[in-house]
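The structure under discussion appears below in the form of C-alpha cells.
Since we're looking at a predicted model, the values are computed, not measured.
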Amino acid sequence: MQDEYRTVARAGVHETEVNRSRFLCALAPAATEQEAQDFIAGVRKEHPDASHHCFAYVIGADAAVQKASDDGEPGGTAGVPMLQMLLRRDMRYVVAVVTRYYGGVKLGAGGLIRAYGGAVGEALDTLGTLTRRRFRLATVTVDHQRAGKVENDLRSTGRTVRDVRYGEAVTIEIGLPDADVEAFRGWLADVTAGTAVLELGGEAYGDA
C-alpha cells in the first residue's frame, strides 16, 4: 500500500480561455469508478451544448484504475494530458472533466495538449488538495478512572481519536502510523500503569 496520496480538497469548477475557446474543468473526489462515471454523466447533462467533454480519473491509492477520454478531440490531445497532470501531482480518488466550448480558432495538437493539461493543473491549484496518510486502526481499552487523561493526552499530542465508547471499560479508537506502534505501546503502558489493552486492527487512510 502507498504510504500517502493526494486528493482534491473539494468538488468545484475552474474556467480558462484559450484563443476564444472556453475550457471548464470540473474536479471532484471519487471513491469508486462508478462515482467518477456518475460525475462525468452529471457534467455532460449540465452542459449539453458543449463541443467536448473530455475526462480523466484515477481511483485507488496505488492508482490501480486510470481512464481517460478525448471525447472527439484528436487522439491523445485531451484525456491523456489530463490524466498525466493528475498523476504528476500524485492525485488519487479524483475525477476531472474538461468541458470545451469551441471558440472558432483551431489550437492544433500542441495547443490542445497544453490547454487540457493546463486546465486541470489550474483547477487543482484553485480548489486545493489534501494529503491522506496510511495509518493502522487501533483500539485502546482502559478503565474509567484513567480514560479521561488518556483521551486528553492523545488529543493534545495530535493523535487521531476516531471514536470513544463507554461501557464497563472505555474503548478509544485511534489511528496510528505503523512506525509509531511500538513507541505508542510503551507510552500507553507508562500512563496507565500497564492496565490498558491495545488491539491493532486493519489499515486505512486519513488526513495528514
Side-chain angles (χ1 to χ4, degrees), residues 2-134 158 160 204-208:
Q2 296 274 110
D3 278 340
E4 61 179 55
Y5 67 85
R6 291 165 78 194
T7 193
V8 65
R10 60 189 171 89
V13 181
H14 177 71
E15 183 174 337
T16 52
E17 193 174 307
V18 183
N19 284 357
R20 300 211 300 272
S21 272
R22 289 170 64 211
F23 292 87
L24 280 71
C25 179
L27 280 177
T32 62
E33 189 167 7
Q34 187 59 54
E35 266 185 40
Q37 288 170 350
D38 290 348
F39 180 75
I40 295 159
V43 173
R44 283 183 190 280
K45 213 168 176 180
E46 208 177 314
H47 301 279
D49 53 342
S51 316
H52 305 278
H53 297 285
C54 306
F55 67 80
Y57 55 80
V58 183
I59 309 294
D62 53 357
V65 178
Q66 300 178 20
K67 287 266 171 68
S69 163
D70 297 316
D71 192 40
E73 293 282 29
T77 62
V80 169
M82 289 169 64
L83 182 63
Q84 284 171 341
M85 180 61 73
L86 293 176
L87 294 171
R88 198 179 310 146
R89 299 283 194 95
D90 288 326
M91 300 299 293
R92 306 288 187 265
Y93 294 107
V94 65
V95 54
V97 184
V98 175
T99 297
R100 180 186 183 191
Y101 284 93
Y102 182 57
V105 179
K106 292 202 166 170
L107 301 183
L112 287 171
I113 289 168
R114 283 191 297 278
Y116 278 99
V120 173
E122 282 188 35
L124 289 171
D125 291 340
T126 304
L127 296 171
T129 60
L130 294 172
T131 299
R132 292 186 175 271
R133 288 218 171 91
R134 182 162 62 107
T160 308
Y205 286 90
D207 295 346

Legend entry - Heavy-atom pair of closest approach, residues A26 and V43: CB-CG2, 4.0 Å

Inset, instruction - State which residues pass side-chain contact (heavy atoms from CB on, under 4.5 Å) with A41; sequence neighbours excluded, sorted by chain then number. - result: none

Legend entry - Check: E33 and K67 side chains under 4.5 Å, non-hydrogen atoms: yes

Legend entry - Parallel, tilted or perpendicular: ring planes of H47 versus H53, cut at 30 and 60 degrees: tilted

Legend entry - Backbone N/O of L130 and side chain of T7: donor-acceptor pair under 3.5 Å: no

Legend entry - Where E35 and P29 come nearest, the two heavy atoms and their spacing: OE1-O, 4.2 Å

Legend entry - Point-to-point distance, once rounded to the nearest 0.5 Å, from OH of Y5 to CZ of R132: 5.0 Å

Legend entry - Flag side-chain contact, heavy atom, 4.5 Å: R44 against D71: yes

Legend entry - Inter-residue atom distance I40.CD1 - T99.OG1, 0.5 Å rounding: 10.5 Å

Inset, instruction - Determine whether L24 and Y101 make a side-chain contact, defined as any pair of heavy atoms from C-beta on separated by less than 4.5 Å. - result: yes

Legend entry - From E122 atom CD to E15 atom CD, the distance as rounded to the nearest 0.5 Å: 11.0 Å

Legend entry - With R89, the side chain to side chain contact (heavy atoms under 4.5 Å, CB included) member among D125, V58, V94: D125

Legend entry - Atom pair CG (L27) and OG1 (T126), whose distance is rounded to the nearest 0.5 Å: 9.0 Å

Legend entry - Side chain proximity check, R20 to V105, heavy atoms < 4.5 angstrom: yes

Inset, instruction - Supply the atom-to-atom distance T32 OG1 to Q37 CD, rounded to the nearest 0.5 angstrom. - result: 8.5 Å

Legend entry - Reported CZ-to-CG distance for the pair R100 and L112, which is rounded to 0.5 angstrom: 5.5 Å

Legend entry - Donor-acceptor contact below 3.5 Å, side chain H14 vs main chain C25: no

Legend entry - Exam field: side chain D70 to backbone G79, donor-acceptor pair closer than 3.5 Å: yes

Legend entry - I59 vs Y93 side-chain heavy atoms within contact, under 4.5 Å: yes

Legend entry - Residue pair S69 / F55, side-chain heavy-atom distance below 4.5 Å: yes

Inset, instruction - Considering non-hydrogen atoms only, spot the tightest contact between I113 and P81 and give its length. - result: O-CB, 3.7 Å

Inset, instruction - For R114, look at atom CZ and say whether over 12 heavy atoms of other residues, nucleotides or ligands are found less than 6.0 Å away. - result: no

Inset, instruction - List the atom of S51, the atom of Y102, and the distance in Å for their closest heavy-atom pair. - result: OG-N, 2.9 Å

Legend entry - Contact check, side chains of E73 and Y116, non-hydrogen atoms, under 4.5 Å: yes

Inset, instruction - Can you see which heavy atom on A115 is nearest to which on V18, and at what distance? - result: CB-CG2, 4.2 Å

Inset, instruction - State, yes or no, whether a side-chain contact exists between L87 and M82 at a heavy-atom distance under 4.5 Å. - result: no

